[in-house]
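One structure is given below, encoded as structure tokens.
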Amino acid sequence: MTADDPNNVAPAVANLETIVSLSKRRGFVFPSSEIYGGINAVWDYGPLGVELKNNVKRAWWRAMVQERDEIVGLDAGILMHPQVWLTSGHVASFSDPLVECATDHRRFRLDELPGTEELSATDLRDPSIVQRLGLRCPVDGGPLSPPRRFNLMFKTYMGPVEEDAAIVYLRPETAQGSYVNFKNVQQSTRKKLPFGIAQVGKSFRNEISPGNFVFRMREFEQMEMQYFVRPEEAARTFEAWLPRRWDWYTRYGVTPERLRFREHAPDELAHYAKKAVDIEYRFPFGWKELEGIHNRADFDLSNHQAASGENLEYFDPATAEHFIPWIVETAGGPDRAAFTFLIDSYREEEVRGEKRVVLALHPALAPYKVAVLPLLKKRPEIVDMCHRILADLKRDMMAVYDDTAAIGKLYRRQDEIGTPWCVTVDVESLEDGAVTVRDRDSMTQERIAAEGVRRAILDRLAAVQG
Ligand code: ATP
């Protein structure tokens with residue numbers, strides 16, 4: 001890499017720990033079951049994290065469903081008929097290469113071991129790869145086993161009897177729910193091609209080496225959209241979705257220099273894919289997938305048609321043809337997206353000789369849109385006025401009151417959680433009915449009438465939302 005290589009960009013935050021500790025301290029993300037020592041690769045979203053993640057999902061739904069005429073939503077079950085996962089190829093091949101250390105019995109995903117960064121998918125399938133490269137356990141240096149395929153699906157039993165016939169899987173992706181409902185959605189909405197089905201929901205993968213905070217979890221959420229097109233339209237549609245999905249991240253504030261496209265090599269393509277391009281983000285631990293865009297051809301509907309015996313062809317009234325539509329998929333997730341927005345918005349600044357930490361989150365994503373703060377909490381009239389303004393704001397948005405410190409500290413606390421605006425009530429407010437609105441990023445202050453606060457904040461939100 002050369003200095004002017006676009007891949008050479010620095011991460012927004014050098015050390016992941018900065019974000020992990022902010023998340024814990026301020027209530028974005030907690031380790032799951034912490035009082036019992038935690039459970040690996042499951043994280044709980046705290047009071048601020050749930051707001052941020054809900055806002056991310058809302059922003060995605062807005063761009064993918066609300067703003068588009070041809071995409072509709074769906075919320076399919078997490079548990080599905082087990083045949084779905086046989087047909088989809090997940091039972092046979094939804095697996096990662098696993099190696100095990102002979103001395104400490106730790107297990108690793110082969111392609112995440114140091115020294116495997118440049119390996120091709122063909123290399124990763126080579127049974128002699130560990131020996132050939134002389135790979136050792138990164139923890140204790142012990143010898144590693146040859147790689148074996150490890151299926152990532154969680155199994156459980158449905159009904160009161162624990163027998164093989166009752167095995168069901170926790171879905172590892174939301175996409176299959178959209179495929180098996182293709183006919184239901186098409187017929188109930190009378191959509192013509194091209195049209196899409198969007199879903200947001202939990203998925204589960206028994207990842208071999210989870211980690212990097214919420215980047216790779218065993219329980220997580222996905223935001224996936226399946227777009228059904230005429231076969232000859234698939235390649236063009238695929239290319240059209242690449243900039244649209246890129247623009248969604250930059251629209252909500254991600255620095256474009258920290259994004260890149262990466263096309264999958266032919267031997268890396270998943271069993272269903274004709275072409276795949278990832279949008280990657282420069283995380284503190286390297287360039288990693290944020291979202292994948294896939295041309296899945298007719299793989300899914302053809303296989304479900306063959307296995308179920310149900311006719312899944314589409315009838316095109318314009319040409320009087322029957323055919324299986326092709327699918328272009330955009331597959332991302334709110335956990336990785338929220339994580340990216342947190343990292344990318346993190347700033348440390350110096351203001352009048354003091355350190356200021358700011359999350360410069362897009363206002364649509366910020367957990368609280370506004371904080372209402374009293375300059376003097378000992379004056380009941382000031383506190384009453386704050387609560388009246390707060391109640392008015394809460395009709396439309398998440399707003400919060402805080403009087404537990406002096407005003408300078410209250411501002412800094414709101415900066416650190418990304419609240420775009422603070423409203424301060426002071427002694428003068430009691431006389432002239434005006435309050436101060438302070439902007440998080442510019443720190444400028446404006447005096448406006450208290451009755452106009454809700455309207456003013458709504459206008460500012462609308463202006464940045466576009
Ligand atoms: P990776 O290569 O990182 O394992 P993948 O290619 O398996 O990801 P997809 O199957 O394309 O991922 O899943 C679509 C999206 O779902 C990912 O881009 C990511 O945003 C999200 N996702 C997948 N696995 C996880 C996970 N273990 N934890 C959090 N999010 C995930």
Side-chain angles (χ1 to χ4, degrees), residues 29 32 39-45 49 53 56-57 60 64 85 88-90 93-98 108-112 116-117 119 121 124 149-154 170-179 198-226 238 241-242 245-246 248-249 254 259-265 268-273 275-281 283 285-296 299-300 327-343:
V29 178
S32 163
I39 173 169
N40 202 1
V42 185
W43 295 88
D44 296 341
Y45 285 81
K53 191 156 77 136
V56 169
K57 292 190 275 188
W60 185 86
M64 301 298 278
W85 307 108
S88 67
H90 282 80
S93 52
F94 189 60
S95 56
D96 279 335
L98 175 150
F108 303 94
R109 209 171 116 174
L110 174 63
D111 56 335
E112 287 183 348
T116 61
E117 295 81 2
L119 293 185
L124 292 170
R149 303 302 300 186
F150 175 79
N151 195 293
L152 303 182
M153 281 199 295
F154 278 100
L170 302 188
R171 70 178 175 199
E173 61 174 35
T174 62
Q176 298 301 324
S178 298
Y179 306 146
Q199 276 204 80
V200 177
K202 283 266 163 107
S203 291
F204 301 82
R205 296 181 186 180
N206 198 4
E207 301 276 3
I208 299 166
S209 40
N212 289 324
F213 198 40
V214 295
F215 178 81
R216 192 178 300 288
M217 300 190 281
R218 292 194 169 118
E219 174 178 345
F220 56 97
E221 281 190 89
Q222 291 188 306
M223 307 187 290
E224 297 193 300
M225 191 279 298
Q226 315 301 320
F238 178 90
W241 275 104
L242 297 177
R245 292 304 307 145
W246 173 290
W248 184 77
Y249 291 102
V254 176
L259 289 174
R260 72 177 185 192
F261 286 120
R262 189 183 72 82
E263 182 166 351
H264 287 213
E268 186 192 356
L269 286 174
H271 58 278
Y272 53 76
K275 184 170 179 184
V277 171
D278 289 342
I279 299 178
E280 294 190 331
Y281 176 71
F283 287 96
F285 41 90
W287 287 97
K288 297 280 174 194
E289 172 179 333
L290 193 49
E291 169 155 351
I293 293 121
H294 312 128
N295 178 348
R296 305 179 62 117
F299 178 88
D300 307 285
I327 294 170
V328 172
E329 170 189 55
T330 70
D335 305 286
R336 273 186 205 177
F339 188 28
T340 300
F341 290 123
L342 269 183
I343 297 170

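Just follow the structure's listing: the first ligand is 1, and inside any ligand the first atom is 1.
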Charged tip of Lys53 within 45° of Tyr45 ring normal and under 6.0 Å: yes

Atoms in ligand 1 with a heavy atom of Gly333 nearer than 4.0 Å: 20 (O)

For the student: nearest non-hydrogen atoms of Thr174 and Lys202, plus distance: CG2-O, 4.5 Å

Nearest-contact summary for atom 18 (O) of ligand 1 - protein heavy atom, Å: Glu289 OE2, 2.6 Å

Residue part near ligand 1, for Arg205, under 4.0 Å between non-hydrogen atoms: side chain

Shortest non-hydrogen contact from Trp287 toward Leu259: CZ3-C, 3.7 Å

From Glu224 atom CD to Met64 atom CE, the distance as rounded to the nearest 0.5 Å: 10.5 Å

Euclidean distance, Arg205 CZ relative to Asn151 CG, rounded to 0.5 Å: 11.5 Å

Atom 28 (N) of ligand 1 [closest protein heavy-atom partner, distance rounded to 0.1 Å]: Met217 N, 3.0 Å

Contact (N/O only, under 3.5 Å) between Gln222 and ligand 1: yes

Aromatic centroids of Phe285 and Phe215 separated by under 6.0 Å: yes

Proximal ligand 1 atoms for Glu207, defined as those under 4.0 Å from one of its heavy atoms: 24 (N), 26 (C), 27 (N)

Straight-line distance of Glu173 CD to Leu152 CG, nearest 0.5 Å: 11.5 Å

Considering all heavy atoms, the nearest Trp85-Ser88 contact: O-OG, 3.2 Å

His294 contact mode with ligand 1 (heavy-atom cut-off under 4.0 Å): side chain

Top protein contact for atom 4 (O) of ligand 1, by heavy-atom distance: Arg216 NH1, 2.7 Å

Atom indices of ligand 1 within 4.0 angstrom of Glu291 heavy atoms, with elements: 18 (O)

Part of Glu173 within contact of ligand 1 (heavy atoms, under 4.0 Å): neither

Protein contact of atom 22 (N) of ligand 1 - nearest heavy atom, named by residue and atom, plus distance: Phe220 CE1, 3.5 Å

Proximal ligand 1 atoms for Ala331, defined as those under 4.0 Å from one of its heavy atoms: 14 (C), 15 (C), 18 (O)

Reported CG-to-CD distance for the pair Asp335 and Glu219, which is rounded to 0.5 angstrom: 9.5 Å

Heavy-atom gap Leu290 to ligand 1 smaller than 4.0 Å: yes

For atom 29 (C) of ligand 1, closest protein heavy-atom neighbour: Phe215 O, 3.2 Å

